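Scroll down for the structure; my scribbles are underneath it.
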Amino acid sequence: MRRVASDRADAGGSAESPLGLRGVRPAVDWAHPGRARARATALVAAYRAHRTEVVRNPHLEQDWAAAAVSSPLLLDAVRAVVGQSVAVENSFLVMKWPGQEFEVPWHQDGIDGRIELDPAKSVAASLALTDATATTGCLDVIVGSHRRGYLPYGPEAETGRPRGRADTVRGEPDGRPISLPVRAGRAVLMDMRLLHRSGSNTGNGVRVGLNVRYVAPGACLRRDPTCLSLFPVSGTGWPSRSA
């Protein structure tokens with residue numbers, strides 16, 4: 001396991017959060033439920049043959065995803081957290097097929113081997129395209145866990161799956177997890193330091209979600225130069241669609 005967390009108090013050690021003491025906002029509208037479910041149906045049809053689990057940065061290549069990360073309802077909520085100038089640092093389309101093992105381990109979205117984000121200038125969003133329930137593998141979070149700052153982390157055990165290995169925090173997290181069911185068309189906003197995970201889908205239908213990391217100018221304290229360029233979606237703090 002490795003620790004790459006910053007020693008700066010404003011980066012990972014401050015208890016302050018733009019999302020308050022809980023570090024999470026669980027019910028933010030981003031699309032009409034029917035439109036979200038219709039898009040999920042199309043995605044399931046497109047990826048069914050290979051039972052694709054993760055598509056990286058679809059907002060750069062797929063019009064529906066570019067529209068989703070730019071949703072006016074969602075951006076209103078994001079701007080209230082980090083300010084008027086907002087860009088997408090990264091996105092993941094996640095598809096949990098029923099009966100297919102897909103455990104996402106405990107982790108924090110704002111730090112990994114490639115990035116470290118200032119939690120005062122960034123926020124994570126998990127958009128539901130289908131209803132996410134405890135049965136289909138919705139988010140589990142430890143409310144208030146952001147107050148511990150960024151924690152030591154390393155890669156999860158080898159999964160053998162094409163999706164690769166996620167980074168996970170070291171040891172068993174403190175605190176009692178709660179599940180956050182979310183209907184299609186709604187999103188969860190999280191402090192970048194909030195501990196969260198999700199289980200496999202033991203239901204009948206595919207769970208489809210889009211995970212997004214939003215940043216304001218100056219949020220990237222460390223970022224691998226091979227990362228794709230930032231994708232501005234709001235404000236005038238961006239000279240162009242570039243990092």
Side-chain angles (χ1 to χ4, degrees), residues 1-19 23-24 54-60 69 75 78-79 81-94 104-126 139 141-142 144-157 163-171 173 188-197 210-243:
M1 295 287 184
R2 64 190 185 279
R3 182 171 186 166
V4 198
S6 169
D7 292 330
R8 290 180 291 260
D10 63 341
S14 171
E16 297 296 325
S17 171
L19 286 169
V24 61
V54 172
V55 178
R56 290 168 172 80
N57 293 303
H59 69 281
L60 296 177
V69 301
L75 286 182
V78 170
R79 286 189 291 251
V81 176
V82 299
Q84 293 302 303
S85 294
V86 179
V88 174
E89 190 277 327
N90 180 276
S91 73
F92 284 87
L93 172 66
V94 176
V104 179
W106 288 109
H107 67 284
Q108 298 169 302
D109 280 346
I111 191 166
D112 58 34
R114 302 179 71 188
I115 59 99
E116 181 182 352
L117 301 178
D118 184 340
K121 298 178 180 178
S122 55
V123 67
S126 178
L139 288 175
V141 306
I142 299 179
S145 56
H146 65 284
R147 287 176 281 179
R148 296 182 58 196
Y150 286 132
L151 301 174
Y153 67 90
E156 69 173 329
R163 65 176 180 267
R165 301 162 72 189
D167 281 315
T168 179
V169 297
R170 188 170 65 196
V188 176
L189 296 187
M190 295 180 290
D191 187 289
M192 286 294 183
R193 300 161 294 185
L194 190 79
L195 287 167
H196 59 286
R197 66 169 296 279
L210 180 67
N211 299 332
V212 189
R213 290 197 295 242
Y214 288 103
V215 296
C220 299
L221 302 173
R222 173 175 57 83
R223 194 164 185 263
D224 192 299
T226 65
C227 291
L228 297 175
S229 296
L230 302 183
F231 184 84
V233 290
S234 176
T236 59
W238 311 102
S240 63
R241 286 204 163 175
S242 62

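It should be emphasised that the depicted structure is a prediction, and the values quoted were computed from it without experimental measurement.
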#### Entry: Closest approach of Y214 to A125 (non-hydrogen atoms, all atoms of both residues)
CE1-CB, 3.9 Å
### Query
Which pair of heavy atoms, one from D224 and one from T226, lies closest together, and at what distance?
OD1-OG1, 2.6 Å
### Query
Considering all heavy atoms of both residues, which atom of L19 and which atom of V123 are nearest to each other, and what is their separation?
CD1-CG2, 3.9 Å
### Query
Who pairs with S122 by side chain to side chain contact (heavy atoms under 4.5 Å, CB included), at least two apart in sequence or on another chain?
L117, M192, V215, A219
### Query
Any side-chain heavy-atom pair from R222 and I111 closer than 4.5 angstrom?
yes
### Query
Which heavy atom of V69 sits nearest a heavy atom of L75, and at what distance?
O-CD2, 3.7 Å
### Query
What distance separates H107 NE2 from H196 NE2, expressed to the nearest 0.5 Å?
3.0 Å
### Message
Within the structure provided, determine whether I115 and C227 are in side-chain contact (heavy-atom separation under 4.5 Å).
### Response
yes
### Task
First locate atom CZ of R56, then atom CG of L228, and finally report the distance between them rounded to the nearest 0.5 Å.
11.5 Å
### Task
Compare all side-chain heavy atoms of L195 with those of L151 and state whether any distance is below 4.5 angstrom.
yes
### Query
Distance from R213 atom CZ to E89 atom CD, nearest 0.5 Å?
4.5 Å
### Query
Out of curiosity, R193 CZ to D109 CG, how far, rounded to the nearest 0.5 Å?
12.5 Å
### Side chain proximity check, N57 to H59, heavy atoms < 4.5 angstrom
yes
### Task
Mark yes or no for whether S91, through its side chain, and V212, through its backbone, hold a donor-acceptor pair below 3.5 Å.
no
## Note on the structure
Residues L194 and V24: closest non-hydrogen pair is CD2-CB, 3.9 Å
### Message
So which atom in W238 and which in L230 form the shortest heavy-atom distance, rounded to 0.1 Å?
### Response
CZ3-CD1, 3.8 Å
### Query
Quick one: CD on Q108 to OH on Y153, what's the gap to the nearest 0.5 Å?
10.0 Å
### Summary
To the nearest 0.5 Å, atom CZ of F231 lies from atom CG of N90 at 13.0 Å
